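Just so you know, residue 1 is the first one in the sequence shown, and it goes up from there. This structure is a prediction, so every number in the text was calculated from the model and none was measured.
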Amino acid sequence: MRVGLTQLNCGDDSAANLPRTQGLIAQAADQGATLVATPEVTNIVSTSRSHQIDVLHHETDDPTLQALREQAKELGIWLLIGSLALKTDDPDGRFANRSFLIDPNGAITARYDKIHMFDVVVSETESYRESAGYRPGQAACLAQTPFGALGMTICYDMRFPALYRDLAQAGAGILTAPSAFSPVTGAAHWHSLLRARAIETGSFVIAPAQTGDHAISQGRARSTYGHSVVIDPWGTVLLDAGTDVGAFVVDLDLSLIETTRGKIASLTHDRAYEKPQA
């Protein structure tokens, strides 16, 4: 199958982001991609909670979601919307960081809310507390498609290998990790983490990413690492998009999933053991 990745540089104006995203999705489809994936926070990259309160929507009336569902139907493609920042009805007012898988009829076939929140101190000048604005998801997501089972994750999830193992043992041969990764941690960890998740599970990993310096009208500046990648079940990097905005396609030989897992059947080799005492 041919997969397309869009590498985006979204700002905090969702109306301006949408046509750029649609243009890159169309480019990938024109190059023969039957599954196209976008990065985390495809609708808006914002560092201001007050701005998000003013401009974000609930899932039922989000214009980006509606437009991309219509585009998937028009193009006849599967579309992974890496994630959208969405309002929720939670009493605490926190948002959802939600990924969607859209089928060629424009229907939502799967939703996944990011489980692991990016609460970190990268340096004295760069820190994040995602849990202050976003509620964590509670459930893993395995989506069924004509090209096999697909396990959905988002960005910081990639530091929690048990999630990927659970998805692979449940049948996933393709794992998605749309991201908006810090340049500092990206340079140090991005490729290593994603290659490890592919190798450990004998799966393809598809990780479209945000890139560059983002246009932020309110709040502090934000930059992301880029380097959208596709990695095969043996850990080979099939695509690295560098740091440019664009649409990129790569062909996947899905038979490699079975072949690789046949060589190293570690997904079937779990053993119970006593855990160390803290």
* Run the side-chain contact (heavy atoms from CB on, under 4.5 Å) check on Trp190 and Val229 step by step: do they pass? -> CA-CA 10 Å; Trp190 172 256; Val229 293; 3.8 Å; yes
* Carefully, step by step, assess Ser131 and Asp119 under the rule side chain to side chain donor-acceptor pair (under 3.5 Å). => CA-CA 7 Å; Ser131 64; Asp119 292 353; 2.5 Å; yes
* To do: Apply the test side-chain contact (heavy atoms from CB on, under 4.5 Å) to residues Leu163 and Thr153: give CA-CA distance (whole Å), side-chain angles for both, the deciding distance (0.1 Å), then the verdict.
  => CA-CA 8 Å; Leu163 173 60; Thr153 74; 3.8 Å; yes
* Using the salt bridge (charged side-chain N to carboxylate O under 4.0 Å, His left out) rule, take Asp103 and Lys73 through it: C-alpha gap first, then chi angles, then the decisive distance, then the call. => CA-CA 8 Å; Asp103 74 12; Lys73 182 177 181 180; over 6 Å; no
* Residue pair Arg165, Asp270: steps toward the side-chain contact (heavy atoms from CB on, under 4.5 Å) verdict -> CA-CA 11 Å; Arg165 188 171 187 82; Asp270 294 87; 3.0 Å; yes
* **Verdict with reasoning, Asp89 to His58, per side-chain contact (heavy atoms from CB on, under 4.5 Å)** => CA-CA 8 Å; Asp89 294 324; His58 288 79; 3.1 Å; yes
* Pair Gln52-Tyr134, side chain to side chain donor-acceptor pair (under 3.5 Å): steps then yes or no -> CA-CA 11 Å; Gln52 290 173 310; Tyr134 290 86; 3.0 Å; yes
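Residues Met1 and Asp253 have side chains not in contact (no heavy-atom distance under 4.5 Å, counting atoms from C-beta outward). You'll find the side chain of Ser83 reaches within 4.5 Å of the side chain of Ile154, heavy atoms only. Looking only at side-chain heavy atoms (C-beta outward), His227 and Phe181 stay at 4.5 Å or farther from each other. Using a 4.5 Å heavy-atom cutoff, the side chains of Thr145 and Leu35 are not in contact. Looking at heavy atoms from C-beta onward, Val184 lies in side-chain contact with Val122 at the 4.5 angstrom threshold. At least one side-chain heavy atom of Pro208 sits under 4.5 Å from a side-chain heavy atom of Pro178. Side-chain contact between His51 and Ile44: present, with at least one pair of heavy atoms (C-beta onward) separated by less than 4.5 Å. Put simply, the side chain of Thr38 reaches to within 4.5 Å of the side chain of Leu79, judged on heavy atoms.
Atom CG of Leu167 and atom OG1 of Thr176 lie 9.0 Å apart (nearest 0.5 Å). Of the inter-residue distances, the one linking Ile206 atom CD1 with Leu238 atom CG reads 10.0 Å to the nearest 0.5 angstrom. Distance check: Leu18 CG to Leu65 CG gives 11.0 Å after rounding to the nearest 0.5 Å. A distance of 11.0 Å separates OG1 of Thr259 from CG of Leu254, quoted to the nearest 0.5 Å. To the nearest 0.5 Å, atoms NE2 (His116) and CE (Met158) are separated by 12.5 Å. The structure places CG of Leu150 at 9.0 Å from CH2 of Trp78, a figure rounded to the nearest 0.5 Å.
Distance alone, capped at 3.5 Å, is enough to place a donor-acceptor pair between the Gln210 side chain and the Cys10 backbone. Remark: side-chain polar atoms of Arg197 are not paired, donor with acceptor, to backbone N or O of Arg159 under 3.5 angstrom. Looking only at distances, a side-chain donor or acceptor of Asp232 sits under 3.5 Å from a matching main-chain atom of Trp234. Remark: the backbone N or O of Arg220 is paired with a side-chain donor or acceptor of Thr47 at under 3.5 angstrom. Under the 3.5 Å distance criterion, the side-chain polar atoms of Ser48 are left unmatched by any main-chain donor or acceptor of Gln218. Of the possible polar contacts, one joining the Asp62 side chain to the Thr64 backbone as a donor-acceptor pair under 3.5 Å is found. Distance alone, capped at 3.5 Å, places no donor-acceptor pair between the Thr42 side chain and the Thr21 backbone. A donor-acceptor contact shorter than 3.5 Å is absent between the side chain of Lys114 and the backbone of Gly137. The main-chain N or O of Thr185 is never found under 3.5 Å from a side-chain atom of Tyr225 such that the two would form a donor-acceptor pair. At distances below 3.5 Å, not a single donor-acceptor pair connects side-chain atoms of Thr260 with backbone N or O atoms of Gly202.
Under 3.5 Å, the side chains of Asn43 and His57 contain no donor-acceptor pair of N or O atoms. In the model, Ser46 has no side-chain atom that pairs as donor or acceptor with a side-chain atom of Arg222 under 3.5 Å. No side-chain donor-acceptor contact under 3.5 Å links Asp61 and Gln66. Side-chain contact annotation: Glu40 with Tyr156, donor-acceptor N/O pair under 3.5 Å absent. Gln7 and Ser228 share a donor-acceptor pair across their side chains, judged by distance under 3.5 Å alone. Side-chain contact, Ser217 with Asp12: a donor N or O sits under 3.5 Å from an acceptor N or O. One side chain, Asp157 or Tyr112, offers a donor N or O that lies under 3.5 Å from an acceptor on the other. Side-chain N/O atoms of Ser223 and Asp213 include a donor and acceptor closer than 3.5 Å.
In plain terms, the two heavy atoms of Val249 and Ala33 that are nearest each other are CG1-CB, 4.3 Å. Shown here for Leu142 and Ala170, the closest heavy-atom pair between the two residues is CD2-O, 3.4 Å. Residues Glu200 and Leu267 come closest through the heavy atom pair O-CD2, 4.1 Å. Across all their heavy atoms, Ser99 and Ile81 have their closest contact at OG-O, 3.2 Å. What you find for Ala29 and Val36 is that their closest heavy atoms are N-CG2, 4.4 Å. Nearest heavy-atom pair, Ala110 versus Cys141, reported as atom, atom and distance to 0.1 Å: CB-SG, 3.8 Å.
In the hydrophobic clustering of ILVMFWY residues, with side-chain heavy atoms under 4.5 Å counting as a link, Phe248 and Leu75 come out apart. Residues Val237 and Ile199 fall into different hydrophobic clusters, defined by Ile, Leu, Val, Met, Phe, Trp and Tyr side chains chained together at heavy-atom separations under 4.5 Å. Side-chain heavy atoms closer than 4.5 Å link hydrophobic residues (I, L, V, M, F, W, Y) into clusters, and following such links, possibly through other members, connects Leu252 to Ile231. By the rule that hydrophobic residues join a cluster once side-chain heavy atoms approach within less than 4.5 Å of another member, Ile257 and Tyr164 end up as members of one cluster. Val41 and Val245 fall into different hydrophobic clusters, where Ile, Leu, Val, Met, Phe, Trp and Tyr are joined by side-chain heavy atoms under 4.5 Å apart, directly or via other members.
Summarising the local packing, CD of Glu258 is surrounded by 12 or fewer heavy atoms from other residues, nucleotides or ligands at distances under 6.0 Å.
At least one cation-pi condition fails for Arg129 and Phe118: the charged atom is not both under 6.0 angstrom from the six-membered ring centre and inside a 45 degree cone around its axis. Under the 6.0 Å distance and 45° angle rule, Arg2 does not count as a cation-pi partner of Phe147.
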